[in-house]
Visitor: 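Dumping the structure here so I can ask a few things about it.
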Amino acid sequence: MVPDADLIVTTARIAHHDLVAAECASLTGGRPDADGVATAHSLDTVARAAYVHDGMRVIARARSFDALVDRVAASDVDADRFRVDVHDPGHRIGATSLEVAVRLADVLPYFPDLDDPRHRFVVVAQEDQFVFGEVVARSDGAYRRHDTKPWSTSSSLDARFSRALVNLVPTSTSILDPCCGAGSIVLEAASLGLVAFAVDWKPAMVGMTRTNLAHFGYDADVTRADSRTHRQHADAIVTDLPYGHAIHTDEASVRAILENGATCAPLGVYVAPQDISSWLDAAGYETVAVHTVQKRAGFTRWIHVAEARRR
Ligand SMILES: C[S@@+](CC[C@H](N)C(=O)[O-])C[C@H]1O[C@@H](n2cnc3c(N)ncnc32)[C@H](O)[C@@H]1O
């Protein structure tokens, strides 16, 4: 517990999914606990989040829920037209969300407005404390509409996952996906207003990415080229490497893509079906972090965040 911290965020809780915590740390500076709650240094970029839900200013904390209700009652928080939600994935309060909201509503001297609240509060339950906070930032969920893109393939990433990958390099203003497929990652980059470069050596993929971008009215530079040699500079590479049979049968190609990538951008976020830290090392990168996401039994995605070594 960090008692003096006054900003917290709640995140999705998804088993075997390190990307949730990684995105949260990258965007807010805090790592979520087992209840999906993190102390945040900043809420400035919560709106773009994929797995972070709410960013809150803490109004009261207590060791028990009853004590929390007393503290809220004693606070002079402005709650005109309020709504209270509950984040209690561990069922620590022992009451329904409605019962929790009613307890708080009873001690707040204001009228609620569930449909159009001016103040949205969340009761957050953690292992060692209960928190009452006012929501001051929320994920806008804008990535969701990209799941309706006209084109995708069996290896396309979903929009939420793609958004979180881009959020691992939140200060980058230009993004290159050298293996863009149908363009899931560049859709996220472009929709965030970043300069987006997409490359694929298959004409069909280039066509899909262009159509998908045009469908949403986004602008990006889409090129048909071989990323083992094609040079395009950007602040960061974010890509899902070719795999299936390819990564095993054509390791040399993937290594060549990494080697070329290390000369194109100082940062790389590489998704692969195995730990490729040693390949990254050989290609000229220092692996900063590796996150795993289990998609289903027997298939795990490895997300590597790497920094190119200065030459
Ligand atoms: C795993 S898929 C990418 C999927 C993409 N993220 C999506 O959501 O649709 C990898 C892509 O890399 C492309 N690729 C493989 N080798 C390549 C190379 N040397 N240069 C450029 N693209 C390559 C493949 O054509 C394929 O579209």
Side-chain angles (χ1 to χ4, degrees), residues 26 48 143 146 149 151-153 155-157 159 161-243 246-247 250-272 276 279-288 303-311:
S26 168
R48 66 188 269 177
Y143 61 86
H146 302 145
K149 59 182 176 288
W151 289 100
S152 57
T153 71
S155 53
S156 287
L157 299 175
F161 190 96
S162 304
R163 173 61 69 96
L165 293 178
V166 175
N167 283 340
L168 295 184
V169 285
T171 57
S172 298
T173 58
S174 57
I175 299 285
L176 162 66
D177 183 347
C179 301
C180 68
S184 312
I185 291 168
V186 284
L187 277 180
E188 298 312 316
S191 73
L192 287 168
L194 308 178
V195 177
F197 301 100
V199 178
D200 204 289
W201 64 359
K202 288 194 181 156
M205 295 302 155
V206 168
M208 285 187 197
T209 295
R210 285 192 178 136
T211 306
N212 285 339
L213 286 160
H215 177 77
F216 295 106
Y218 301 144
D219 193 29
D221 185 312
V222 187
T223 306
R224 183 193 168 199
D226 184 342
S227 288
R228 292 176 295 186
T229 50
H230 179 72
R231 302 290 291 277
Q232 173 60 62
H233 288 281
D235 290 343
I237 286 175
V238 182
T239 196
D240 184 20
L241 289 164
Y243 53 84
I247 203 161
D250 198 5
E251 178 181 326
S253 283
V254 174
R255 283 177 177 270
I257 291 169
L258 298 177
E259 211 165 297
N260 187 45
T263 69
C264 291
L267 279 175
V269 176
Y270 288 101
V271 181
I276 56 161
W279 300 9
L280 285 161
D281 181 59
Y285 281 104
E286 198 118 1
T287 302
V288 183
I303 300 148
H304 309 73
V305 183
E307 275 173 20
R309 278 194 288 271
R310 286 170 195 271
R311 283 150 202 267

Visitor: Are the side chains of D240 and S155 in touch, meaning some heavy atoms are under 4.5 Å apart?
Guide: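 When only atoms from C-beta onward are counted, S155 and D240 do not touch, as no gap falls below 4.5 Å.
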
Visitor: Under the rule for side chain to side chain contact (heavy atoms under 4.5 Å, CB included), what residues qualify as partners of A234, not counting sequence neighbours?
Guide: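 A234 satisfies side chain to side chain contact (heavy atoms under 4.5 Å, CB included) with S174, L176, F197 once adjacent residues are dropped.
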
Visitor: Which distance, rounded to the nearest 0.5 Å, do you find between the CG of N167 and the OH of Y143?
Guide: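 Rounded to the nearest 0.5 Å, the CG-OH separation comes to 10.5 Å.
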
Visitor: Sort and list the pairs that fulfil salt bridge (charged side-chain N to carboxylate O under 4.0 Å, His left out) and have at least one residue in residues 205-222, not counting sequence neighbours.
Guide: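 The answer is none; no pair qualifies.
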
Visitor: Identify which one of V254, I237, V271, I257 satisfies the side chain to side chain contact (heavy atoms under 4.5 Å, CB included) criterion when paired with C179.
Guide: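 Running side chain to side chain contact (heavy atoms under 4.5 Å, CB included) over V254, I237, V271, I257 with C179 returns exactly one hit, I257.
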
Visitor: Could I get the full list of side chain to side chain contact (heavy atoms under 4.5 Å, CB included) partners for A225, not counting sequence neighbours?
Guide: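 Partners of A225 by the side chain to side chain contact (heavy atoms under 4.5 Å, CB included) criterion, ordered by chain and then number, come out as V199, T223, H230.
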
Visitor: Any side-chain heavy atom of I303 within less than 4.5 Å of one from F161?
Guide: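 Of all side-chain heavy-atom pairs linking F161 with I303, at least one is under 4.5 Å.
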
Visitor: So, using salt bridge (Lys or Arg N to Asp or Glu O under 4.0 Å) as the criterion, who are the partners of R48 when residues are at least two apart?
Guide: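 Applying salt bridge (Lys or Arg N to Asp or Glu O under 4.0 Å) to R48 gives none.
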
Visitor: Apply salt bridge (Lys or Arg N to Asp or Glu O under 4.0 Å) to R255 and E259, showing your working.
Guide: CA-CA 6 Å; R255 283 177 177 270; E259 211 165 297; over 6 Å; no

Visitor: Can you name the side chain to side chain contact (heavy atoms under 4.5 Å, CB included) partners of E286, sequence neighbours left out?
Guide: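 Partners of E286 by the side chain to side chain contact (heavy atoms under 4.5 Å, CB included) criterion, ordered by chain and then number, come out as R309.
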
Visitor: For T173, enumerate each residue passing the side chain to side chain contact (heavy atoms under 4.5 Å, CB included) test, keeping only those at least two apart in sequence or located in another chain.
Guide: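 Side chain to side chain contact (heavy atoms under 4.5 Å, CB included) list for T173, sorted by chain: D235.
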
Visitor: For the atom pair CH2 (W279) and CG (L258), what is the distance rounded to the nearest 0.5 Å?
Guide: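 Output value for this atom pair is 8.0 Å.
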
Visitor: Under 3.5 Å, is there a donor-acceptor pair between the side chain of T209 and the main chain of A198?
Guide: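 No, because the side chain of T209 does not come within donor-acceptor range (under 3.5 Å) of the backbone of A198.
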
Visitor: Which residues pass the side-chain hydrogen bond (donor to acceptor under 3.5 Å, both in side chains) test with T239, sequence neighbours left out?
Guide: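 So T239 forms a side-chain hydrogen bond (donor to acceptor under 3.5 Å, both in side chains) with D177.
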
Visitor: At what distance, to the nearest 0.5 angstrom, does CG of D226 lie from CH2 of W201?
Guide: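 Result: 5.5 Å between the selected atoms.
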
Visitor: Going by ring pair (Phe, Tyr, Trp, His ring centres under 6.0 Å), name the residues that satisfy it together with Y270, two or more places apart in sequence or in a different chain.
Guide: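 In terms of ring pair (Phe, Tyr, Trp, His ring centres under 6.0 Å), with neighbours along the sequence ignored, Y270 is linked to Y285.
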
Visitor: State, to 0.1 Å, how close Q232 and C264 come at their nearest heavy-atom pair, and which atoms those are.
Guide: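 In this case the closest contact between Q232 and C264 is O-CB, 3.2 Å.
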
Visitor: Side chain of R228, backbone of S253: donor and acceptor closer than 3.5 Å?
Guide: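 The answer is no, because no donor-acceptor pair under 3.5 Å joins these two groups.
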
Visitor: Which pair of heavy atoms, one from P170 and one from S26, lies closest together, and at what distance?
Guide: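 Reported closest heavy-atom pair: CD-OG, 3.2 Å.
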
Visitor: According to side-chain hydrogen bond (donor to acceptor under 3.5 Å, both in side chains), who are the partners of S156, at least two apart in sequence or on a separate chain?
Guide: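 S156 satisfies side-chain hydrogen bond (donor to acceptor under 3.5 Å, both in side chains) with T153 once adjacent residues are dropped.
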
Visitor: Working to the nearest 0.5 Å, report the span between CG of L165 and CD1 of I175.
Guide: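 It is 10.0 Å, given to the nearest 0.5 Å.
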
Visitor: Distance-only check: which donor-acceptor pairs under 3.5 Å involve side-chain atoms of residues 183-195, not counting sequence neighbours?
Guide:
residue, atom, partner, partner atom, Å
S184, OG, L157, O, 3.1
E188, OE1, H146, ND1, 3.4
E188, OE1, R163, NE, 2.8
E188, OE1, R163, NH2, 3.1
E188, OE2, H146, ND1, 2.7
S191, OG, R163, NH2, 3.2
S191, OG, L187, O, 3.3
S191, OG, E188, O, 3.0

Visitor: Could you check whether any side-chain N or O of T263 sits under 3.5 Å from a backbone N or O of N260, counting only pairs where one atom can act as donor and the other as acceptor?
Guide: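 It does hold such a pair.
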
Visitor: Check the pair H304 / V269 against side-chain contact (heavy atoms from CB on, under 4.5 Å), numbers first and verdict last.
Guide: CA-CA 6 Å; H304 309 73; V269 176; over 6 Å; no

Visitor: List the atom of S172, the atom of A236, and the distance in Å for their closest heavy-atom pair.
Guide: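 That closest heavy-atom pairing would be OG-CB, 3.5 Å.
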
Visitor: Tell me whether K202 is salt-bridged to D200, with the criterion being a basic N under 4.0 Å from an acidic carboxylate O.
Guide: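 So K202 does not pair with D200 through a salt bridge.
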
Visitor: To the nearest 0.5 angstrom, please state how far the NZ atom of K149 sits from the CE atom of M208.
Guide: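 The distance works out to 11.0 Å.
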
Visitor: For T211, what residues pass the side-chain hydrogen bond (donor to acceptor under 3.5 Å, both in side chains) criterion, not counting sequence neighbours?
Guide: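 Listed in chain order: nothing, the list is empty.
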
